[in-house]
Amino acid sequence: MISFECDYNNGAHPRVLQHMVETNGEQTLTYGFDAYTERAKEQIKKACQLEQAEVFLLTGGTQTNATVIDGALRSYEAVVTVESGHIAIHEAGAVEASGHKVIALPPHEGKLSALQLSEYMEWFEGDESRDHLAQPGMVYISFPTELGTLYTATEIERLYEVCHRHGLLLFIDGARLGYGLAASPDVTLPWLARHCDVFYIGGTKVGALCGEAVVFSQMKAPRCFFSIVKRHGALLAKGRLTGVQFDALFEPGTEDGHEPLYLQISRHAIDMARQMRRLMVDKGYRLYIDSPTNQQFFVIDNEKVRELEQKVQFTHWGPYDKQSTICRFVTSWATTEDDLQVLEKLV
């Protein structure tokens, strides 16, 4: 059985695991004050080319989204996203459990447009009953989106301009950020850091056992954010667990002496995805959506789906029509040429 079900069903990248083993016998400071966490934070700031940024390491995506949103917003404020946004559909109401309404707008290929946000805010601000409503305080998008699509630099820039105009924070979910950056022709890590208020660098899906690095880039971290993290149950006593992993992921790479391991392995996943896409299209499968990232969506006949699922793990995204299903196949840093060769024989 080969798996293209998701990008977090492997363990850690060998260099990450090796670093954990090498440091395992050391006694360090706790709660993220160890030398490895401090160095990882400095390396992340250097990769963002933003020395004034503030970095916090958490363990999982839902935890990170809920903690950042609750910490950054006032008690009466809401967060705007799209109906397919992760916080709206895949996080069991975690954000709303902290008292912040999620305002979900219709997506276009998984994305929120600047025009759409502008029209919504103009409606809201012009509504005589607005004081009776949850007050928008933040916009949440993900890069890549749930459908593997990417915002262009221009789209993010325009969204950020609308956010500024209406006093909204822009928060970018980067659970798969490495894969988005590797696939994007015009968005780099330093550029992204300057075009949103806060974002995070996902480790769980990009080479780490667990870990998400929150970067407050164009805003100061909320007052007492360390305590907010603790209040959300998100503070690791053994903070070194995430620190050591990000220390390995953002140490300058050995291949070119500069690019971090994080970006190197992300590019590998995109290369594997492009090869998989070509072989599936060559076999006659239709694309459901034009995704440039490591999530590829195909329309597959139901009879073939039943045949494939005996030997391949993938996600049944939903019905396309009565005869076929939308299936998601995902590559990762751990996908190999051998995996693709096996898939090619089965499809």
Determine whether the side chains of Gln63 and His232 contain a donor N or O and an acceptor N or O closer than 3.5 Å.
-> no
Between Phe225 and Phe216, is the ring centre distance below 6.0 Å?
-> yes
What pairs with Ser324 under side-chain contact (heavy atoms from CB on, under 4.5 Å), at least two apart in sequence or on another chain?
-> Arg286, Val299, Tyr320, Asp321
Please determine, by modelled atom types, if Ser291 and Thr293 share a side-chain donor-acceptor pair under 3.5 angstrom.
-> yes
Distance-only side-chain donor-acceptor flag, His316 / Glu309, under 3.5 Å = yes
Is the shortest side-chain N to carboxylate O distance from Glu42 to Arg39 below 4.0 Å?
-> no
Would you check, one step at a time, whether the test side chain to side chain contact (heavy atoms under 4.5 Å, CB included) holds for Cys163 with Leu117?
-> CA-CA 8 Å; Cys163 287; Leu117 177 62; 4.1 Å; yes
Passes side chain to side chain contact (heavy atoms under 4.5 Å, CB included), Met138 versus Leu168? Steps please.
-> CA-CA 5 Å; Met138 174 185 280; Leu168 305 173; 6.0 Å; no
Val82 meets the side-chain contact (heavy atoms from CB on, under 4.5 Å) criterion, sequence neighbours left out, with Ser84, Pro107, Leu112
Roughly how far apart are Arg194 CZ and Glu157 CD, rounded to 0.5 Å?
-> 13.5 Å
Rounding to 0.5 Å, atoms CG (Leu209) and CD (Gln245) come to a distance of 5.0 Å
Between the OG atom in Ser3 and the CZ atom in Phe329, the distance rounded to the nearest 0.5 Å is 10.0 Å
Would you give the length of the straight line joining atom CG of Leu115 to atom CD of Glu155, rounded to the nearest 0.5 angstrom?
-> 12.0 Å
Residue among Thr204, Thr242, Thr64 satisfying side chain to side chain donor-acceptor pair (under 3.5 Å) with Glu212 | Thr204
According to the ring-ring contact (aromatic ring centres under 6.0 Å, His included) rule, which pairs have a member within residues 263-285, sequence neighbours left out?
-> none
Only pairs at least two apart or in different chains count here, so list each side chain to side chain donor-acceptor pair (under 3.5 Å) that has a residue in residues 94-103.
-> Asp70-His100
Donor-acceptor pair between Thr331 and Asn294 side chains, under 3.5 angstrom | no
Please test Leu159 against Tyr151 for side chain to side chain contact (heavy atoms under 4.5 Å, CB included), starting from the C-alpha separation and ending with a verdict.
-> CA-CA 10 Å; Leu159 263 179; Tyr151 288 87; 3.8 Å; yes
Are Tyr262 and Phe250 close enough, and set up right, to give a ring pair (Phe, Tyr, Trp, His ring centres under 6.0 Å), and what steps lead you there?
-> CA-CA 6 Å; Tyr262 184 80; Phe250 277 85; 5.1 Å; yes
Is it the case that Tyr36 and Glu26 place a side-chain donor and acceptor less than 3.5 Å from each other?
-> yes
Partner residues of Thr336 under the side chain to side chain donor-acceptor pair (under 3.5 Å) criterion, sequence neighbours left out = Asp339
Side-chain H-bond candidate by donor/acceptor type, Asp247 with His19, under 3.5 Å = yes
Sequence neighbours left out, what passes ring pair (Phe, Tyr, Trp, His ring centres under 6.0 Å) with His195? Give chain and number order.
-> Trp191
Does atom NZ of Lys283 have more than 12 heavy-atom neighbours, drawn from other residues, nucleotides or ligands, at distances under 6.0 Å?
-> yes
For the pair Phe171 and Tyr140, name the ring-plane relationship: parallel under 30°, tilted 30 to 60°, perpendicular over 60°.
-> perpendicular
